[in-house]
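Okay, so here's the structure we're looking at.
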2 protein chains.
Amino acid sequence: MALATITDAEFLARCTEVFRTYGFEGATISRISAATGLEKGSLYHRFPGGKEEMALAVAAGVVEWFKTNVFDVLKQAGPPQKRLRAASEQLRSFYAEGTKSCILDLLSIPSGGPELAAGLKGALQAWQKAFAEISQESGYGPGEARRRAEDAIMRMEGSLVLSRVLNDSKLFHRALDELGSTLLQPA
Amino acid sequence: MALATITDAEFLARCTEVFRTYGFEGATISRISAATGLEKGSLYHRFPGGKEEMALAVAAGVVEWFKTNVFDVLKQAGPPQKRLRAASEQLRSFYAEGTKSCILDLLSIPSGGPELAAGLKGALQAWQKAFAEISQESGYGPGEARRRAEDAIMRMEGSLVLSRVLNDSKLFHRALDELGSTLLQPA
DNA sequence: GTCTATATTAAGATAGAC
DNA sequence: GTCTATCTTAATATAGAC
């Protein structure tokens with residue numbers, strides 16, 4: 001049989017799916033091996049630090065993805081409504097129409113070390129900042145914009161939990177569709 | 001050394017803490033043993049079905065608690081605002097001021113069997129129904145009341161995730177404090 | 001860089017004494 | 001009803017061949 005071959009990017013993507021589906025404790029080396037097609041020995045070659053290092057790489061990868069596909073999109077040219085809609089569609093895709101969970105939710109369950117916890121916290125704060133900026137740009141004051149950004153993410157995260165429990169992504173789509181009215185001041 | 005002794009209620013309470021802190025996969029028999037003071041053999045005496053049965057008991061216990069301390073409180077006599085405030089304080093206590101996670105969140109991560117998943121879904125629907133009822137009672141139509149109930153729970157769940165990630169329960173308290181304006185029509 | 005093989009530890013679960 | 005002891009399987013991780 002030919003040796004398994006997989007790019008770093010594809011590896012990280014599949015790894016991310018395992019962590020966001022099963023959480024840190026449930027993301028076993030066996031599951032990661034099955035998902036990536038790499039044997040255990042190869043996994044530890046790529047990540048000598050084991051599972052903890054894999055989770056850190058996953059978290060860093062997601063942060064990078066958000067920077068490129070959400071935060072930067074929010075800063076593009078054009079009216080805030082349009083930019084937010086573009087970012088919303090990226091989020092819809094990232095969460096696979098509400099069928100996949102948030103890494104912030106699943107990886108924040110106690111198990112990973114303090115470095116992972118700090119990374120998640122930083123990622124969430126960056127998200128809050130990005131949402132607060134476009135909210136403020138639409139006309140709200142700094143405090144109100146911040147409050148609205150927190151509210152928007154709260155609704156996103158909650159909708160993902162409820163969509164998972166109910167096995168129905170209706171509420172995820174609602175939360176996404178209402179991002180505009182939550183974040184932006186009517187023109 | 002004297003034999004360990006613990007009431008069923010106390011046992012279930014400690015068991016619940018383990019599951020809601022670590023999730024299904026992270027709630028190991030060893031952790032449950034440590035938390036309850038019972039050795040593994042004793043755990044399997046009480047729950048021949050093992051971890052799955054323990055998780056089911058935990059879920060059933062939480063549903064029972066919600067019925068008594070939240071749903072029934074919402075149906076007491078008096079103005080809706082007052083009843084909702086009373087229920088809110090029960091929720092504040094259940095989530096320990098936002099420092100503890102929701103069982104719906106942690107136990108809905110794939111791992112438990114279909115019976116557990118069905119139980120969680122039923123519990124969530126009961127919660128939605130209880131919130132929708134008091135919302136409708138305050139004057140909203142059935143559809144709007146249902147929408148507001150979903151919104152309220154979405155915010156609660158999201159706030160708990162964010163509070164956990166940020167290690168700051170500010171958003172949990174906000175979500176709770178805004179339950180009235182989310183659910184009830186102004187008088 | 002991937003593989004097989006293996007070591008070590010922990011997890012889930014059971015048997016049977018007390 | 002709880003305990004100790006044990007079993008089996010799986011999980012994390014490492015060594016070394018290819």
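Reminder, nothing fancy here: chain letters follow the sequence lines and each chain counts from 1.
Contact of the B:S101 side chain with the B:T21 side chain is not registered, since no non-hydrogen atoms from C-beta on lie closer than 4.5 Å.
Taking the side chain of B:A4 as heavy atoms from C-beta on, and the options D:dT12, C:dA11, D:dT2, the nearest nucleotide is D:dT2. When distances run from any side-chain atom of B:R46 to the nucleotides C:dG12, D:dT2, C:dC3, the shortest one goes to D:dT2. The side chain of B:L38 has D:dC3 as its nearest neighbour among D:dC3, C:dC3, D:dA13. Proximity note for A:E39 (side chain, C-beta onward) versus C:dA13, C:dC3, D:dC3: the nearest is C:dC3. Residue A:L3 places its side chain closer to C:dG1 than to any other of C:dG1, D:dA11, C:dT14.
Here the C1' atom of nucleotide D:dC3 and the CD1 atom of B:I6 are 16 Å apart, to the nearest Å. When rounded to the nearest whole Å, the span between CD1 of A:I29 and P of C:dT4 equals 17 Å. Atom pair A:I32:CD1 and D:dA13:C1' shows a separation of 13 Å (rounding to whole Å applied). Regarding B:F24, its CZ atom lies at a distance of 12 Å from the C1' atom of C:dA11, rounded to whole Å. Atom pair B:K40:NZ and D:dC7:C1' shows a separation of 12 Å (rounding to whole Å applied). Whole-Å rounding puts the A:Y44 OH to C:dA7 C1' distance at 13 Å. The interatomic distance linking A:R31 (CZ) with D:dT12 (C1') rounds to 15 Å, in whole Å. Regarding B:K51, its NZ atom lies at a distance of 14 Å from the C1' atom of D:dT9, rounded to whole Å.
Projected onto DNA chain D by closest heavy-atom contact, A:A27 and A:S42 fall at different nucleotides, the more 5' of which corresponds to A:A27.
In this structure, A:F94 and A:F66 have perpendicular ring planes: the angle between them is above 60°, well past the 30° mark.
At least one donor-acceptor pair under 3.5 Å links the side chain of B:S163 to the backbone N or O of B:S159.
Using a 4.0 Å heavy-atom distance criterion, B:T5 is classed as making no nucleic acid contact. Nucleic acid contact class of B:G41 (heavy atoms, under 4.0 Å, all strands): base.
One hydrophobic cluster holds both B:M154 and B:V70 under the rule that ILVMFWY side chains link at heavy-atom gaps under 4.5 Å. A single hydrophobic cluster is seen to contain both A:L184 and A:W127, as judged by linkage of ILVMFWY side chains at heavy-atom distances under 4.5 Å, directly or through other members.
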